[in-house]
Participant: 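The structure that follows is given in the form of structure tokens.
Counting from 1, the numbers follow the sequence of the chain as shown. Computed from heavy atoms alone, side chains included, the values below leave out hydrogens, waters and symmetry copies.
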Amino acid sequence: MDGSLSTLAPIFAVALATHRPLTAFYTGLATALGAGVSMAFSEGLSDTGEETGRGNPFIRGAITGGGTFLGGVFHTLPFLIADFKTAIIAAITVVAVELLVLAYLRHKFFRLSFARSFLSVAVGGAIIAALSAALGTAAAG
């Protein structure tokens, strides 16, 4: 969740600052790649799996890094749309779907209520969106 949601900030800040979807796309792609590699190494190096019983560190790192990359790329892809307004609406829609999917995954695998999962994911997403929108709007001037 943290890697995927944290990639929202630079993408939306750049999109709102520049109103150039392709610039936001490249920012999002770089962010997704960086976050994916960072999360993969962080998870893979956190322990050998023997201490915690969490399994092979290479597999854990690949899953965590891959999931983070995919999350970041999904809300980046709408910025391949040339029209800014259409791209931002599509990106917001993709983020809403991602939040629902993340909430479902937390519900299923962490055995939390769906409402509690959705609330925690949505609050995090809303805070990130508000901060990045404020920064992007301020930069636009």
Participant: Where does the angle between the aromatic ring planes of Phe12 and Phe79 fall among parallel (under 30°), tilted (30 to 60°) and perpendicular (over 60°)?
Facilitator: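 Geometry flag for Phe79 against Phe12: perpendicular rings.
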
Participant: Evaluate whether atom CZ of Arg60 has more than 12 neighbouring non-hydrogen atoms of other residues, nucleotides or ligands under 6.0 angstrom away.
Facilitator: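 Count over threshold, so yes.
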
Participant: Got a second to check how far Thr23's OG1 is from Ile11's CD1, nearest 0.5 Å?
Facilitator: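 The distance works out to 13.0 Å.
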
Participant: Identify whether Ile127 and Leu99 are in the same connected component of the hydrophobic contact network (ILVMFWY, side-chain heavy atoms under 4.5 Å).
Facilitator: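 Ile127 and Leu99: separate clusters.
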
Participant: More than 12 heavy atoms of other residues, nucleotides or ligands under 6.0 Å from OH of Tyr104: is that the case?
Facilitator: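 12 or below, so no.
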
Participant: Roughly how far, to the nearest 0.5 Å, is the CG atom of Leu29 from the CG atom of Leu80?
Facilitator: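 The CG atom of Leu80 sits 9.0 Å away from the CG atom of Leu29.
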
Participant: When rounded to the nearest 0.5 angstrom, what distance separates CD1 in Ile81 from CG in Leu22?
Facilitator: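 So the CD1 of Ile81 and the CG of Leu22 are separated by 12.5 Å.
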
Participant: If you group Ile, Leu, Val, Met, Phe, Trp and Tyr by side-chain heavy-atom gaps below 4.5 Å, do Leu45 and Val37 land in one group?
Facilitator: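 Hydrophobic grouping puts Leu45 with Val37.
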
Participant: Do you know which two heavy atoms are closest between Lys108 and Arg111, and how far apart they sit?
Facilitator: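 Closest approach of Lys108 to Arg111: O-NH1, 3.8 Å.
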
Participant: Can you list every pair that meets ring pair (Phe, Tyr, Trp, His ring centres under 6.0 Å) and has a residue in residues 24-62, with sequence neighbours left out?
Facilitator: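 For residues 24-62: none.
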
Participant: Closest heavy-atom contact between Ser132 and Ala129?
Facilitator: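 Residues Ser132 and Ala129, closest heavy atoms: OG-O, 3.2 Å.
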
Participant: Enter the distance from Thr7:OG1 to Ile128:CD1 here, rounded to the nearest 0.5 Å.
Facilitator: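 Separation between the atoms: 8.0 Å.
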
Participant: Can you name the closest pair of heavy atoms from Ala140 and Ala17 and give their distance?
Facilitator: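 Reported closest heavy-atom pair: CB-O, 3.6 Å.
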
Participant: Let me see the working for Val94 and Leu77 under side chain to side chain contact (heavy atoms under 4.5 Å, CB included), right down to the final yes or no.
Facilitator: CA-CA 9 Å; Val94 167; Leu77 290 175; over 6 Å; no

Participant: Is the side chain of Thr18 donor-acceptor paired with the backbone N or O of Val14 at a distance under 3.5 Å, no angle test?
Facilitator: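 Yes, because the side chain of Thr18 sits within donor-acceptor range (under 3.5 Å) of the backbone of Val14.
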
Participant: What pair of heavy atoms forms the shortest contact from Ala90 to Pro78, and how long is it?
Facilitator: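 Closest heavy-atom pair between Ala90 and Pro78: CB-CB, 3.7 Å.
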
Participant: Do Ile92 and Val121 sit in the same hydrophobic cluster, where Ile, Leu, Val, Met, Phe, Trp and Tyr count as joined when their side-chain heavy atoms come under 4.5 Å apart?
Facilitator: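 Yes, it is one cluster - the side chains of Ile92 and Val121 are joined through contacts under 4.5 Å.
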
Participant: Using the rule that Ile, Leu, Val, Met, Phe, Trp and Tyr join whenever any side-chain heavy atoms are under 4.5 Å apart, tell me whether Leu105 and Ile63 fall into a single cluster.
Facilitator: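 Per the 4.5 Å side-chain linkage, Leu105 and Ile63 are not co-clustered.
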
Participant: Out of curiosity, Glu98 CD to Thr93 OG1, how far, rounded to the nearest 0.5 Å?
Facilitator: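 If we round to the nearest 0.5 Å, Glu98:CD and Thr93:OG1 are 11.0 Å apart.
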
Participant: Supply the atom-to-atom distance Phe84 CZ to Leu16 CG, rounded to the nearest 0.5 angstrom.
Facilitator: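 Result: 5.0 Å between the selected atoms.
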
Participant: Please report the shortest heavy-atom distance between Ala24 and Ala15, naming the atom on each side.
Facilitator: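 Ala24 and Ala15 have their closest heavy atoms at CB-CB, 3.8 Å.
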
Participant: Are Phe69 and Ile59 in one and the same hydrophobic cluster, where Ile, Leu, Val, Met, Phe, Trp and Tyr link if side-chain heavy atoms are under 4.5 Å apart?
Facilitator: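 No, because Phe69 and Ile59 fall into different hydrophobic clusters, even though each may have its own neighbours under 4.5 Å.
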
Participant: Which atoms form the tightest heavy-atom contact between His107 and Phe114, and what is the distance?
Facilitator: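 Shortest heavy-atom contact: ND1-N, 3.3 Å.
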
